[in-house]
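Notes to accompany the following structure.
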Amino acid sequence: MSIRLEDRYATSFFTPAELAAMEREVKEADRLLREGKGPGSDFLGWITLPKDYDKEEFARIKTAAKKIQKKAQALIVIGIGGSYLGARAVIEYLKSNNYNSLKKDTPDIYFAGNVISADAVKELFELIEGKDVCVNVISKSGTTTEPAVAFRIFRDYLEQKYGEAEAKERIFVTTDRARGTLKQFSTEKGYETFVVPDDVGGRFSVLSAVGLLPIAVAGIDIDELMSGAASASEQFTNPDLSKNDCYRYAAIRNLLYRKGKTLEVLASYEPFTAMFSEWWKQLYGESEGKDQKGIFPASVIFSTDLHSLGQFIQDGTRNLFETVLDIEDTGTKFTIPADAANVDGLNFLSGMDMNKVKKTAMEGTILAHVDGGVPNLVVKISERNAFVLGELLYFFELSCAISGYLLGVNPFNQPGVESYKKNMFALLGKPGYEDLRATLEARLKK
């Protein structure tokens with residue numbers, strides 16, 4: 001199997017009997033999920049998505065990606081949360097966290113609409129100056145403030161630069177199949193549209209058109225990505241914890257949570273996983289953090305963060321555990337040269353592949369942190385390619401769903417996200433929020 005869980009660095013923090021006792025709960029969570037009888041059952045389309053996706057739309061995604069590659073030197077992807085994190089995670093994981101700086105035959109890809117920042121917009125205009133540009137706006141409704149403002153800005157930019165007719169050929173919209181402001185507007189304008197599935201929530205949507213169009217524009221094989229996810233959907237079906245590493249991960253993290261380990265740190269030793277970690281944090285944070293419950297998701301890139309957060313992880317509050325991503329073969333080797341003067345005293349590393357040093361650093365860190373009272377789970381990933389990444393995406397999506405049911409929450413809603421939106425609309429003067437605005441302004445004046 002390409003994705004495996006190694007739990008030997010965590011087993012000293014619980015007993016075999018305690019883990020065995022979790023199996024009944026896991027089987028019930030699996031039943032709720034597979035039979036669609038648990039909370040949030042309207043949003044289970046991601047389970048079968050790797051096999052049951054719309055093949056006609058999939059072909060259109062590939063065609064649109066080639067069109068963008070021919071027409072544009074830069075693609076601006078407008079979206080927030082799950083509307084951009086999955087695509088960015090996959091692109092940086094498989095290509096590079098320095099993707100836009102690489103020599104390549106695919107467009108630069110910039111992400112907008114995920115912050116409210118005049119500086120970010122101004123800088124993006126400077127980055128695309130002199131380049132031909134396309135836009136992919138991703139929004140179920142079209143009225144979410146951050147992406148809607150960005151789309152207004154960059155739609156105006158395209159129409160000013162190319163004229164309305166040519167701008168229409170450069171705007172691609174991923175939105176609701178039949179309803180909503182953005183769908184209606186796109187139909188009126190004649191933009192090519194793709195579908196945000198009704199039964200797939202944003203944080204689970206990376207393997208839909210939401211993620212696949214930008215990913216394909218970057219030159220990534222989306223057939224392989226989907227095949228990997230389909231493979232994982234077949235591998236991780238047995239609720240027996242001894243035969244299902246995906247469910248075992250969900251069970252152990254909940255067992256540790258019940259023992260007071262309320263914070264999970266996703267640790268990796270490769271910079272190209274940084275945005276994958278951001279995707280993972282949204283997946284678990286938005287799925288589990290409700291009803292005053294949940295494991296807080298954090299992330300680090302080692303060994304960089306060993307020189308900043310390492311002290312806290314080693315000796316700080318003992319309410320955390322780590323999940324380590326161990327990519328066994330990234331496809332790259334680099335030999336450390338010798339130095340005749342041995343100025344740094346590191347000639348014992350001469351001729352050694354940097355991956356060996358990285359692996360040793362990982363092993364030494366795991367042992368140190370376990371000795372410091374931090375359980376470590378290791379997710380071993382065989383290699384760095386689209387197929388295996390598809391497996392990994394599905395591994396974490398499925399384990400998240402099971403984990404949410406073990407926690408006793410609805411893993412597929414996000415009621416808390418709406419609170420800030422209401423307050424922002426009221427304070428900005430949106431019609432219909434006058435009473436709330438008065439209340440909030442009075443509170444701010446205190």
Side-chain angles (χ1 to χ4, degrees), residues 1-7 10-11 14-53 197 199-201 203-208 226 228-259 261 264 280 283-291 293-295 297 321 323 377-381 390-414:
M1 298 176 70
S2 303
I3 310 297
R4 311 184 314 280
L5 179 71
E6 186 174 276
D7 60 14
T11 52
F14 55 83
T15 67
E18 287 174 322
L19 181 58
M22 294 288 294
E23 189 147 329
R24 180 184 59 80
E25 294 181 54
V26 169
K27 288 181 177 178
E28 175 61 12
D30 174 76
R31 185 189 70 79
L32 292 174
L33 190 69
R34 303 294 178 179
E35 296 179 6
K37 294 183 178 180
S41 58
D42 290 341
F43 292 93
L44 299 180
W46 58 271
I47 295 177
T48 57
L49 185 62
K51 292 182 178 179
D52 297 339
Y53 58 90
D199 57 355
V200 179
R203 57 190 176 273
F204 290 84
S205 67
V206 60
L207 297 174
S208 72
M226 296 298 279
S231 173
S233 74
E234 295 173 354
Q235 292 176 42
F236 301 118
T237 56
N238 190 335
D240 183 338
L241 294 183
S242 67
K243 298 177 181 178
N244 189 328
D245 282 0
C246 177
Y247 284 16
R248 190 176 181 88
Y249 170 62
I252 291 175
R253 63 194 302 276
N254 274 271
L255 183 52
L256 292 172
Y257 172 72
R258 296 173 190 183
K259 289 177 170 288
K261 305 295 186 181
E264 180 176 11
W280 175 88
L283 179 66
Y284 281 84
E286 200 169 44
S287 296
E288 293 188 328
K290 54 201 70 165
D291 302 336
K293 299 177 182 178
I295 302 169
F321 65 97
T323 296
L377 297 168
V378 181
V379 177
K380 302 184 81 65
I381 304 154
E391 290 184 305
L392 185 65
L393 291 167
Y394 196 89
F395 173 94
F396 278 124
E397 287 180 346
L398 181 57
S399 64
C400 180
I402 293 295
S403 185
Y405 283 157
L406 291 176
L407 192 62
V409 301
N410 178 350
F412 307 111
N413 68 353
Q414 53 280 336

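None of these values were measured; they are calculated from a predicted model.
Contact record, Gly40 with Phe412: O-CD1, 3.5 Å, taken as the closest heavy-atom pair. Of all non-hydrogen atoms in Asn238 and Asp240, the two that sit nearest each other are OD1-N, 2.9 Å. Summarising the geometry of Pro50 relative to Leu207, their closest heavy-atom pair is CG-CD1, 4.4 Å, with the distance given to 0.1 Å. Taking each heavy atom of Val200 and Ser205 in turn, the nearest pair found is CG1-CA, 3.7 Å. Leu398 and Leu33 make their closest contact through CD1-CD2, 3.6 Å (heavy atoms, listed as atom of the first residue, atom of the second, distance). Considering every non-hydrogen atom in both Ala251 and Val26, the closest pair reads CB-CG2, 3.9 Å.
With Ser233 contributing its side chain and Ala230 its backbone, the two residues share a donor-acceptor pair below 3.5 Å.
Between Trp46 and Tyr394, the angle of the ring planes lies from 30° to 60°, which puts this pair in the tilted group.
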Test side-chain contact (heavy atoms from CB on, under 4.5 Å) on Lys290 and Asn413; report intermediate values, then the result. CA-CA 9 Å; Lys290 54 201 70 165; Asn413 68 353; 2.9 Å; yes
For Leu377 and Glu6, run side-chain contact (heavy atoms from CB on, under 4.5 Å): C-alpha distance rounded to whole Å, both residues' side-chain angles, the deciding distance at 0.1 Å, then the answer. CA-CA 6 Å; Leu377 297 168; Glu6 186 174 276; over 6 Å; no
side-chain contact (heavy atoms from CB on, under 4.5 Å) for Asp245 and Ile3? Distances and angles first, verdict last. CA-CA 8 Å; Asp245 282 0; Ile3 310 297; over 6 Å; no
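Interatomic distance, Leu32 CG to Lys27 NZ, rounded to the nearest 0.5 Å: 14.5 Å. Note: Lys380 NZ to Arg4 CZ = 6.0 Å, rounded to the nearest 0.5 Å. Atom CD1 of Ile402 is separated from atom CG of Asn254 by 10.5 Å, given to the nearest 0.5 angstrom. To the nearest 0.5 Å, atom CD1 of residue Ile252 and atom CE of residue Met22 are 9.5 Å apart. Distance check, rounded to the nearest 0.5 Å: CD of Glu23 to OH of Tyr247 gives 11.5 Å. Taking CE from Met226 and CG from Leu49, the interatomic distance works out to 4.5 Å, rounded to the nearest 0.5 Å.
Residues Glu18 and Arg258 are not paired through a salt bridge, judged by the lack of any N-O separation under 4.0 Å between the basic side chain and the carboxylate. Lys293 has no carboxylate O lying under 4.0 Å from a charged side-chain N of Glu288, or vice versa, which leaves the two without a salt bridge. With respect to Lys51 and Glu234, a salt bridge is recorded, a charged nitrogen being found less than 4.0 Å from a carboxylate O.
Surrounding CZ of Phe43 are at most 12 heavy atoms belonging to other residues, nucleotides or ligands under 6.0 Å away.
Residues Phe236 and Phe395 place their aromatic rings such that the two centres sit under 6.0 Å apart.
Using a 4.5 Å heavy-atom cutoff, the side chains of Leu392 and Val379 are in contact. Residues Phe204 and Ser287 have side chains in contact (heavy-atom distance under 4.5 Å, counting atoms from C-beta outward). The shortest side-chain heavy-atom distance between Asp199 and Leu44 does not fall under the 4.5 Å cut-off. Proximity of Asp7 to Tyr249: side-chain heavy atoms (C-beta onward) are nowhere separated by under 4.5 Å. Considering only heavy atoms from C-beta on, Gln235 stays 4.5 Å or farther from Asn244 through its side chain. Side-chain contact between Arg34 and Ile47 is present, with heavy atoms from C-beta onward closer than 4.5 Å. With a 4.5 Å cut-off on side-chain heavy atoms, Pro39 and Val409 do not count as touching. Counting only heavy atoms from C-beta outward, the side chains of Glu397 and Val206 approach each other to under 4.5 Å.
Looking only at atom types and distance, the side chain of Tyr284 has a donor-acceptor partner in the side chain of Ser399 under 3.5 Å away.
Qualifying salt bridge (Lys or Arg N to Asp or Glu O under 4.0 Å) partners for Glu35, counting only residues two or more places apart in sequence or in other chains: Arg31, Lys37.
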